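Contents: one structure, followed by commentary.
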Amino acid sequence: MSEETKNGLEAAETATQDELEQIVSLKKGDTVKGTIVKIEDNQAYVSIGYKYDGVIPIRELSSVHLDNAAEAVQVGQEVETRVVSIDDDKERLVLSKRAIDSENAWEVLQQHFDNGEIFEVTVADVVKGGIVADVGVRGFIPASMVERHFVEDFSDYKGRTLRVKVKEIDRENNKVILSQKDVLDEEFAANKLKVMNELTEGQTLEGTVQRLTQFGAFVDVGGVDGLVHVSEIAWNHVDKPADVLSEGDKVKVKVLKVDPEKGKISLSIKAATPGPWDTAADQFNIGDIVSGEVKRLVNFGAFVEIAPGVEGLVHISQISHKHIGTPHEVLKEGQTVQVKVLDVIPAEKRVSLSIKETEEAPEPAPKAEKPSKGSSVRKEDLGDNPNVSLSNQGLSITLGERFGDKLSKLK
C-alpha cells in the first residue's frame, strides 16, 4: 500500500470517527451550525452533518410573526441553531434559530443603546400601535417614533428598511423599543444648522410649500422650513394663505431674517417678485382712464386701487363737478369707479387721480333776464314777491305813461 493511499484511509477514518462522536454527543441544548437545504411553508430543513436533517419550525425561525419560512431564511444559507429536541426513533430533530439569535442580540442591542448607535432594521410586521422588526428579539417601533410627521396608515411599511436607534431596552422583560424619529430629528437639526449658516438676508431662492396655517405658510428651503407671514405672501391683501397657495407649490422666496439661536427663518414671497410700484410707470400713463376700487374714504378724498397694491388719491375736489362736503356723500368703500390718471410718481409711490374728469361737466344754469330801462312793470306781474319792491319814481313813471292824456285834460 502506498504512503499516499495509507494517509487517505487514515483521514477517512478520522472523519468517520469525528462524525460518530458528533452523533453520539448531540443532545438537547447543544448549539450546532448547519445549512438550509429545503424550505416549506411552515419549517426549514437544516443539514448539520447528522444522520438525518433537522427542522426549524416557523415559530423558531424568528422572534416576530412570519407568514412563511422563506421570509427568514433561504436555501444555502448557513445558520446557527440550538437543539430543542431529538428523537432518533422517529428521526425527528427540532432546532431553533430564534434562541441563538436572541442570545446574541441582547449584547449587541445593549451596545447600540449605550453608544447611541444607528443601525438598520427591516420591518417584519405592522401591528396595532406601530410596527415590528426582527433584531434577534422582537423590536417594537411605536407609531409616534416612526416618522417626524404623523402617519395614518403603516400598511405599506412592511419590508421597508429603516434606520433606528434603541430607545429603550429591558432584557428581563424581553422588551426593546426602537425609534427612527430620533435618527431623523438629529439629522434634521444638523441639516437645519448647516442650512441656516449658509443663508443670508436678502438671498432669493426656490422653496416648496409644506404647511398652511391661518397666519402664514411654511416653506421648505433646503430641508429647513421658513415662515412666510400672510402679509408677505402677495402685494395685494390676502385673507387666508389657502386662498392663494397649496401644499406642494414651488415658490420663489426672499430671506428676510435668519435667527440661528431660535432656529427661525423669515421669508417673503412678495419681496421675491417685482412690486406693483416697480411696474406702475410702465403700466399707467398720464391721461389714462382706468377702472379701480374705492378702498378708503377720508375727509380730503378717496383712495382708489387701480392695480394690486397700487392706490391713488382722488382729492375731494376731483370727485364731483358739484360741490360736496365729504366723499361719503357720493362714494362708498368697495365701489368700482372710473378714474383718470393725473400724475404718476412711482419713486414716491404716489398716483393722483380724478373721477370728475371722466365725466362731462353739466351745462351751466341759464341766468334770469333783467328788465330794460323804462319798461313798464305791473304790480300784478310782480305778485307778492317780497324780494321785489317798487320805488316811488318807478311807480310815478308807470302812472304817467298810462294816464298822461287824461291828466292833461283835467288841468
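Side chains included, hydrogens not; waters and symmetry mates left out as well; all remaining heavy atoms used. None of these values were measured; they are calculated from a predicted model.
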Test your reading of the model: is there a side-chain donor-acceptor pair from S268 to the backbone of K254, 3.5 Å cut-off? no
To the nearest 0.5 Å, tell me how far I169 CD1 sits from L109 CG. 5.0 Å
Give a yes/no verdict on a cation-pi contact between K295 and F303, requiring under 6.0 Å between NZ or CZ and the six-membered ring centre and an angle within 45° of the axis. no
Backbone N or O of P57 within a donor-acceptor pair of the Q43 side chain at under 3.5 Å? no
Please tell me whether N191 and E187 have a donor and an acceptor in their side chains that are separated by less than 3.5 angstrom. no
Is there a donor-acceptor pair closer than 3.5 Å between any side-chain N or O of H321 and the backbone N or O of E359? yes
Does F188 have R148 sitting over its ring (NZ/CZ under 6.0 Å from centre, angle to axis within 45°)? yes
For H65 and D67, test the side chains for any donor-to-acceptor distance below 3.5 angstrom and give the result as yes or no. yes
Examine the side chains of Y50 and D88 and answer whether a donor and an acceptor come within less than 3.5 Å of each other. yes
To the nearest 0.5 angstrom, please state how far the CG atom of D170 sits from the CH2 atom of W106. 7.0 Å
Side chains of L353 and I306: closer than 4.5 Å at any heavy-atom pair? yes
Residues T208 and D220: side-chain donor-acceptor under 3.5 angstrom: no
Throw together a table of side-chain donor-acceptor distances under 3.5 angstrom for residues 326-333, partners on residues two or more places apart or in other chains.
unit_1, atom_1, unit_2, atom_2, d
E329, OE2, G325, N, 2.9
E329, OE2, T326, N, 3.2

Pair K33 + E80: basic N to acidic O under 4.0 Å: no
Electrostatic pair K27:D30 at N-O distance under 4.0 angstrom: yes
